[in-house]
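Everything numeric in this text was worked out from a predicted model, so none of it was measured. Atoms within a ligand are numbered from 1 in the order they appear, just like the ligands themselves.
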Amino acid sequence: MASSDLTPVEEAIDHLVARARPITRSQTVALTNSLDRVLARDYTVPADVPPADNSAVDGYAVRAGDLAGGEPLPVSGRTAAGEERLTLKPGTAVRLFTGSEIPSGADAVIMQERVSVCGDGITVNGPVSEGQNIRRRGQDLAQGELALAAGTRIRPQEMGLLGSIGTADVAVYAKLKVAVLTTGDELVDPGQPLGPGQIYNSNRYTLLGLLAKAGCEVVLCEALKDAREATRKTLERAAAEADLIITSGGVSVGEEDHVRAVLEESGNLSLWRLASKPGKPMAFGTIGDTPVLGLPGNPVAVLVSFMVMGMPFIRACQGRTGVTGGGEQIPAGFSTEKPSIRRQYVRARKSIGDDGLMITAYPNQSSGVLSSACWADGLAVVPENTTINLGDPVTYYSFAELLE
Ligand code: AMP
Ligand code: MG
């Protein structure tokens, strides 16, 4: 097949994302269980956060103007965090703690370290300005504003924010139901002895890990023999159960590559063969209404194509919005020999060299060497038709960013 038949990676991602149908099923989960879920609706702020002006420090509330004369101020009261707020008597101070509500009439808080206590009064060392050490009502979130938008994936900080506006139950989209189908007559489950010509099925576990990280629910997980009818039947069964089918292997040009053939015969094949290294033999299509992401068979290719091509599609299907992530530009600590029409994803790490931060590449970049990905922290990109010389800036994506 001519090189021009390979689809560029960007085009492939656009193709996939354009075909993603965002999930509409939603459910309510307890805030406690909401981590990594996707908000199914906007959350607006029901009441100001914080609900009242409060102190940022342990100290004394005063009216700044009362200190002009430099005389000591008597302490007329005390408010701990959680107690109702007091009214400041003019010409006095109120003892406060971090989080205490500011007494009405007070306009500044003096840190206790800046105060000398003598008898039941205080003398202030240094200047006091209006508003100092006061955390204003609504400074975090003001009533009526948007706290979090539908499509936001809930990280620990979003859990906290939802808690801060008093949300106990959260509306989230249902998890995407995914079928995982590995293919190959040579595959044996770990735990079984290996016969002649056999290898262990590793892609299944890579995919289960990736899907768990992506917040998907695996509803079916099977290893398929290289047989046309069995492949067709299983794909059709999976299509009835899942929102998305992910396969590994069987999408190359050989006569044992039945996934691609079944998509062509019984479904629809809209994308096949990408200008990506690893990850050239990748297919995308549908069986019935269900999208099928046909990943390559090689263990590194599965990982890379899932992260690079699969994740943008999955995010779109999950109804997620606002995901950025453009990688980082870092000098290459490696070089490449000849340019390729395929974009190369190099298993790489950030490291500190004599000239600062640089990207180190794993020596063996074969798509069968999964240990390269275990050594690596991310992927460095060698663009199409480009040669990298030592020190050239390369785009580096951490695995964490790719799986966000
Ligand atoms: P295929 O695309 O089916 O020709 O597979 C490409 C290469 O990946 C072959 O060397 C397969 O043995 C290997 N492979 C395919 N599926 C798996 C799997 N589930 N686990 C480990 N290796 C695999
Ligand atoms: Mg195969």
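At a 3.5 angstrom cut-off on N or O pairs, T182 does not count as close to ligand 1. Between G249 and ligand 1, not a single N/O pair is under 3.5 Å apart.
Between D243 and the options R25, R21, K177, a salt bridge (Lys or Arg N to Asp or Glu O under 4.0 Å) holds for only R25.
For G250, the heavy-atom gap to ligand 1 drops under 4.0 angstrom. Using a 4.0 angstrom heavy-atom cutoff, S202 counts as in contact with ligand 1.
At distances below 3.5 Å, at least one donor-acceptor pair connects side-chain atoms of R95 with backbone N or O atoms of G59. A donor-acceptor pair under 3.5 Å is formed between the side chain of D42 and the backbone N or O of A150. Distance alone, capped at 3.5 Å, places no donor-acceptor pair between the R273 side chain and the D5 backbone.
When each atom of ligand 1 is checked for a heavy atom of N201 under 4.0 Å away, the hits are 18 (C), 19 (N), 20 (N). Those atoms of ligand 1 with a heavy atom of T183 less than 4.0 angstrom away are 16 (N).
Here the OG1 atom belonging to T167 is positioned 5.0 Å from the CG atom belonging to L162, to the nearest 0.5 angstrom.
Under 4.0 angstrom from ligand 1, the non-hydrogen atoms of I199 all belong to its side chain. Counting heavy atoms under 4.0 Å from ligand 1, residue E186 touches it through the side chain alone.
Closest heavy-atom approach to atom 16 (N) of ligand 1 among the candidates V188, N298, N203: N203.
A heavy-atom distance below 4.5 Å is found between the side chains of R63 and P90.
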